[in-house]
Amino acid sequence: MTLALETTDLKVQLRLDGDWLTLCDLSRLLPGRGVAALLPDGRQAALFRDRAGELYAVDNRDPFAGAAVLSRGLLGTHRGRPYVASPLLKQRFDLLDGRCLDDETVRVRTYEVRAA
Amino acid sequence: MSATPEATPTIVLVGHGMVGQRFLEALAERGLTATHRVVVLCEEPRPAYDRVALTSYFSGRTPEELSVTDPEFITTHGIELYVGDPAVTVDRVAREVTARSGRVFGYDTLVLATGSYPFVPPVPNKDAEGCFVYRTIEDLLAIEEYARTRATTGAVVGGGLLGLEAAGALKGLGLTAHIVEFAPRLMPVQVDEGGGAALLRTIEGMGLSVHTGVGTQEIVVDASGAVTGMKLSDGSELATDLVVFSAGVRPRDQLARDCGLTVGERGGIAVDEQCRTVADPHVFAIGECALAADGRVYGLVAPGYDQAETAAATIAADEASFTGADLSTKLKLLGVDVASFGDAHGTTGDCLDVVYSDSRAGLYKKLVIGRDGTLLGGILVGDAEAYGTLRALTGSVPPVAPESLVLPAGAGAGAEGLGPAALPDDAIICSCNNVRKGTIREAVSEHRCTTVPEVKKCTKAGTTCGSCVKVLGQLVAAELEASGVEVDKGLCGCFSQTREELYEIVLALRITTYQDLLDRYGREEARGTDGCEVCKPAVGSIIASLAPVIGASGYVLDGEQAALQDSNDHFLANLQKNGSYSVVPRIPGGEITPEKLIVIGEIARDFGLYTKITGGQRIDLFGARVEQLPLIWTRLVDAGFESGHAYGKALRTVKSCVGSTWCRYGVQDSVRMAIDLELRYRGLRSPHKLKSAVSGCARECAEAQSKDFGVIATAGGWNLYVGGNGGATPRHADLLAQDLSDTELVRLIDRFLMFYIRTADRLERTSAWLERLPGGLDHVREVVVEDSLGICAELESLMAAHVAHYRDEWAETINDPEKLARFVSFVNAPDTPDPVVGFVPERDQIKPDLPLLAIGHRPLEGSAQR
Ligand code: SRM
Ligand SMILES: Cc1cc2nc3c(=O)[nH]c(=O)nc-3n(C[C@H](O)[C@H](O)[C@H](O)COP(=O)(O)OP(=O)(O)OC[C@H]3O[C@@H](n4cnc5c(N)ncnc54)[C@H](O)[C@@H]3O)c2cc1C
Ligand code: SF4
Ligand code: FES
């Protein structure tokens, strides 16, 4: 089966310093996976969409390994909350508050995102 | 500082080693740290660490990781710990201890836990440069430094437990290592003559030189005073750059002697059953410095822990005594299991020995049995699997014949078969921490521990030498099952089924999507969710391997399947530590034309990639940025290369030797067979990676017996071996069938692989699967050779479908613009390379710029923004 991706012209936007920054078409986000986006200040954000269509964004950098790869991890659900598992050493990060589920002292930044 | 520290009673502990630390914990558990001022004088430059695991420093454990002192524990309990400040005098009349720094502490109770010092025989030049002992982290740091800069050969004086450990460490440091032991055998204290002989063969087989029955007479030095060799008692001289003395330990009782406490004839501070010194009720001695009431000085940590508990209990005015301890030990020395327990040397009158020995395999097992059948003790060399069970049975009449306990597995109901279920509740499972079976069962049934780590935390069992952890695991599982807690064998938190059950569901119901499977067959709470990173790739793999049969797309990046793949499969390349990728084109059988080699070289040069010949007979190109992958593959595909699936749980390589075409010994064309097999099974998704090799004759240059399926040519055809493994737990493959024709060989491999794919667990290599499967190899032979289940036709047709539908993933990907859109650095800036992916030069090529990864680090952001 092939999933029919929505072909609306909705855009993914991320909130930065009070403004909404347009990053890409919603159709670029495959449910369950992410993409990386470059922010004007040089940071990187990892954007995700879950199977229910919700959007999330966290800092792209894996705080354990240092590489900017969180956008390449797999999404999952833990106790009803969405998370991404790093593709490097598999630590999981809550997508709502950025907390690492496997090491409570570590947290990644989260961003507000929307489809508009 | 409080005004009158004298107001609260003071306990001064001298020596912060393993036993000292345990004593502090025992004080805290009894609430004594709240009612007493506790002062600790620690001589070493660091608080207590795991001396038992000292040697693991050489396998990468850092001094910090070796620590057994939680700084929080020290502060929470208000303990005053003076690191690097030893006690120098004790005034028992004034009840004062003076430390090297000049600090003076009054005490109500003094506890000496000063441990031992290594005994160095008084041979000439024993203090020369290059002579060391093996006791502290500082000793190891010094040995490491000297070995690295100034030595190529090292000798250890003493072939006991520590000597062997030290010799193994020297070998690990790259030195040629010798062991010199005065006694006629290795480990004279723990093992008898037969055990020593088995140990000797194995240790010599590892390339260590053993000299038994000779003593060290003199250390030979050069003009600068550095070691160059040693003179031995048989008149010979051994050339060596470094010497480690490991000739036993002596109690550190000098402080006690100086203040007039009673010490034993051969050393050790004399104490009573409460660990109080016999001369002074205000002073205790525990651990290796103490001469216990039974007249022994114990050189093991477990008795020291008991003494620590006893002393703390006595100070708290509780009943406790230490009357002696079991000297059972199990060690893994240089990878050889050695265990002795109970009355290992058969000193009890009228006892009998049961001995099993196989000198070729380096096995020696002896049980000492009393007249009435009671198991009194034993020695195991080479295979100590049964140690946990046997030690716990010591002192009782075993429920099965003693012979069956030492025979190798498979030759009868061995002790492994007997299992810990047969043990009585008062059997000691963990001798380091004196934990009985009943206590472990209670931890599960009453304290609701459901995992081994929880039980460890709750009972302390398994937290010291670790030799009991295996039995612990079996007990916990048995107890959980017995108490009705269903041991969850499900794949993950989303599915209660095993991988095998999910495979059957997907096949029978022709389910083609993960979401469908999750929503219909997942656990209640997981339905409708996003699942997890464990089951997604596992289900993705099942769907991919059944794709042609169930009508799913065979292309792993199609539709939903793309979302299920592990990151590597998603980008069809292997992620490296800095976020770049490696590229591995398939080189079937390891055979490659000069033209293709040139193409690989040109591509690597043009993209600046690091190239390396892999352990799988092909070439890996490292350092590709995600956006470069399609460009690199376009060129590779043009030159006739295909994906090597180095990223997938799939067939990796079929290695070959050059075989009968060139080799004077070859009896079949191993290269052609390897290529045929690699092309047949390429792209096949399986529970774990699959590796193979084909050798042209029994000399086995392709190492086929270390592969999941290995083929060795015979004069009459091919022998097929299965279940081999390299990696962390190597296993030689088992012979499945002999003298097969080409067609028979391929048919049998088809069946074998499909049966494995169908029934194995996630990430279970064929070796582990074969070991787990009830009936093992025999069962596999019945199913795939004799077709006992009548499924061979189905297995063959599943494989035929795979072969017919194989397409190269990379060729498909570079021809699909929609898929290519994923290979960008940034969705909003596809032409900007990821600035974190940087490289620096190394040996004329590149390597990841690791400092760059580290500076990318930013402090944690304040609060969540969402
Ligand atoms: C590249 C290579 C090392 C090299 O430079 O030579 C390599 C590299 C990796 N190996 Fe290997 N292994 C390589 C040959 C081997 C071999 C030798 C062989 O195949 O003959 C073995 C032992 C044989 C065996 O597997 O039985 C081997 C046993 C492992 C294991 C342990 C497997 C086990 O059953 O214990 C792992 C870990 C795992 O798979 O869980 C592993 C995992 C890995 C991973 C995937 C680790 C990772 O996740 O990053 C490495 C990534 C490869 C990459 O980025 O391209 N690699 N690895 C070799 C690639 C061979 C190839 O051409 O495909
Ligand atoms: C390499 C190695 C491997 C071992 N393997 C095992 C094993 O597998 N199983 C096992 O049971 N045992 C093993 N042992 C033995 C085990 O480590 C000891 O039995 C245990 O450490 C004894 O603890 P302790 O606290 O009595 O002495 P220690 O750990 O030696 O601690 C005594 C401490 O007191 C300090 N000290 C001495 N005098 C003073 C002073 N005047 N003032 C202040 N501090 C002082 C010393 O510096 C030392 O730090 C091994 C030992 C070594 C070296
Ligand atoms: S395995 Fe036999 S045929 Fe192959 S290269 Fe070695 S000796 Fe020659
Ligand atoms: S026997 Fe050593 S930790 Fe249990």
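Lettering of chains follows the sequences in order, A, B, ..., and the numbering in each one begins at 1.
Taking every heavy atom of both residues into account, B:Ile511 and B:Ile543 meet most closely at O-CG1, 4.3 Å.
Note on A:Ala37, A:Gly32, A:Ala67: by heavy-atom pairs under 4.5 Å with chain B, the leading option is A:Ala37. When the candidates B:Asn828, B:Val534, B:Val837 are compared by the number of heavy-atom contacts under 4.5 Å with chain A, B:Asn828 comes out ahead. Among B:Lys536, B:Gln565, B:His570, the residue making the largest number of heavy-atom pairs under 4.5 Å with chain A is B:His570. The greatest number of non-hydrogen atom pairs below 4.5 Å with chain A, out of B:Ala526, B:Pro835, B:Ala562, B:Ser825, is found for B:Ala562. Looking only at heavy-atom pairs under 4.5 Å with chain B, the residue among A:Val69, A:Val12, A:Leu23 that has the most is A:Leu23. Of the listed residues (B:Gly579, B:Pro537, B:Cys494), the one with the most heavy-atom contacts under 4.5 Å to chain A is B:Gly579. Counting heavy-atom pairs closer than 4.5 Å to chain A, the top residue among B:Leu564, B:Val824, B:Asp516 is B:Leu564.
Other residues, nucleotides and ligands contribute over 12 non-hydrogen atoms within 6.0 Å of the CD atom of B:Glu842. More than 12 heavy atoms of other residues, nucleotides or ligands shown are found within 6.0 angstrom of NZ on A:Lys90.
Both the backbone and the side chain of B:Thr529 come within less than 4.5 Å of a heavy atom in chain A. Neither the backbone nor the side chain of B:Glu525 comes within contact range of chain A, judged by heavy atoms closer than 4.5 Å. Looking at A:Arg92, the atoms closer than 4.5 Å to chain B (heavy atoms on both sides) all sit in the side chain, from C-beta outward. Of the atoms belonging to A:Arg72, heavy atoms from both backbone and side chain fall under 4.5 Å from chain B. Proximity to chain A is absent for every atom of B:Ile550, based on heavy atoms less than 4.5 angstrom apart.
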(request) Tell me, with the steps shown, if B:Phe495 and B:Tyr521 meet ring pair (Phe, Tyr, Trp, His ring centres under 6.0 Å). (result) CA-CA 7 Å; B:Phe495 287 99; B:Tyr521 296 93; 8.7 Å; no

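Identified by a heavy-atom distance below 4.5 Å to chain B, the contributing residues of residues 78-87 of chain A are A:Tyr83, A:Ala85, A:Pro87, in residue-number order.
Checked for salt-bridge contact, B:Asp558 and B:Lys819 meet the test: a charged N lies under 4.0 Å from a carboxylate O. Salt bridge status for A:Arg99 with A:Asp97: present, with a side-chain N to carboxylate O gap under 4.0 Å.
Contact check for B:Arg510 versus B:Leu507: side-chain heavy atoms found under the 4.5 Å cut-off.
With rounding to the nearest 0.5 Å, the separation of NZ in A:Lys11 from OG in A:Ser27 is 8.0 Å. In this structure, CZ in B:Phe826 is found 11.0 Å from CG in A:Leu47, a value given to the nearest 0.5 Å.
Side chain of B:Arg527 to backbone of B:Arg520: a donor-acceptor contact under 3.5 angstrom is found. Between the side chain of B:Glu560 and the backbone N or O of B:Tyr514 there is at least one donor-acceptor pair closer than 3.5 Å.
A centroid separation of 6.0 Å or more is found between the aromatic rings of B:Trp810 and B:Tyr647.
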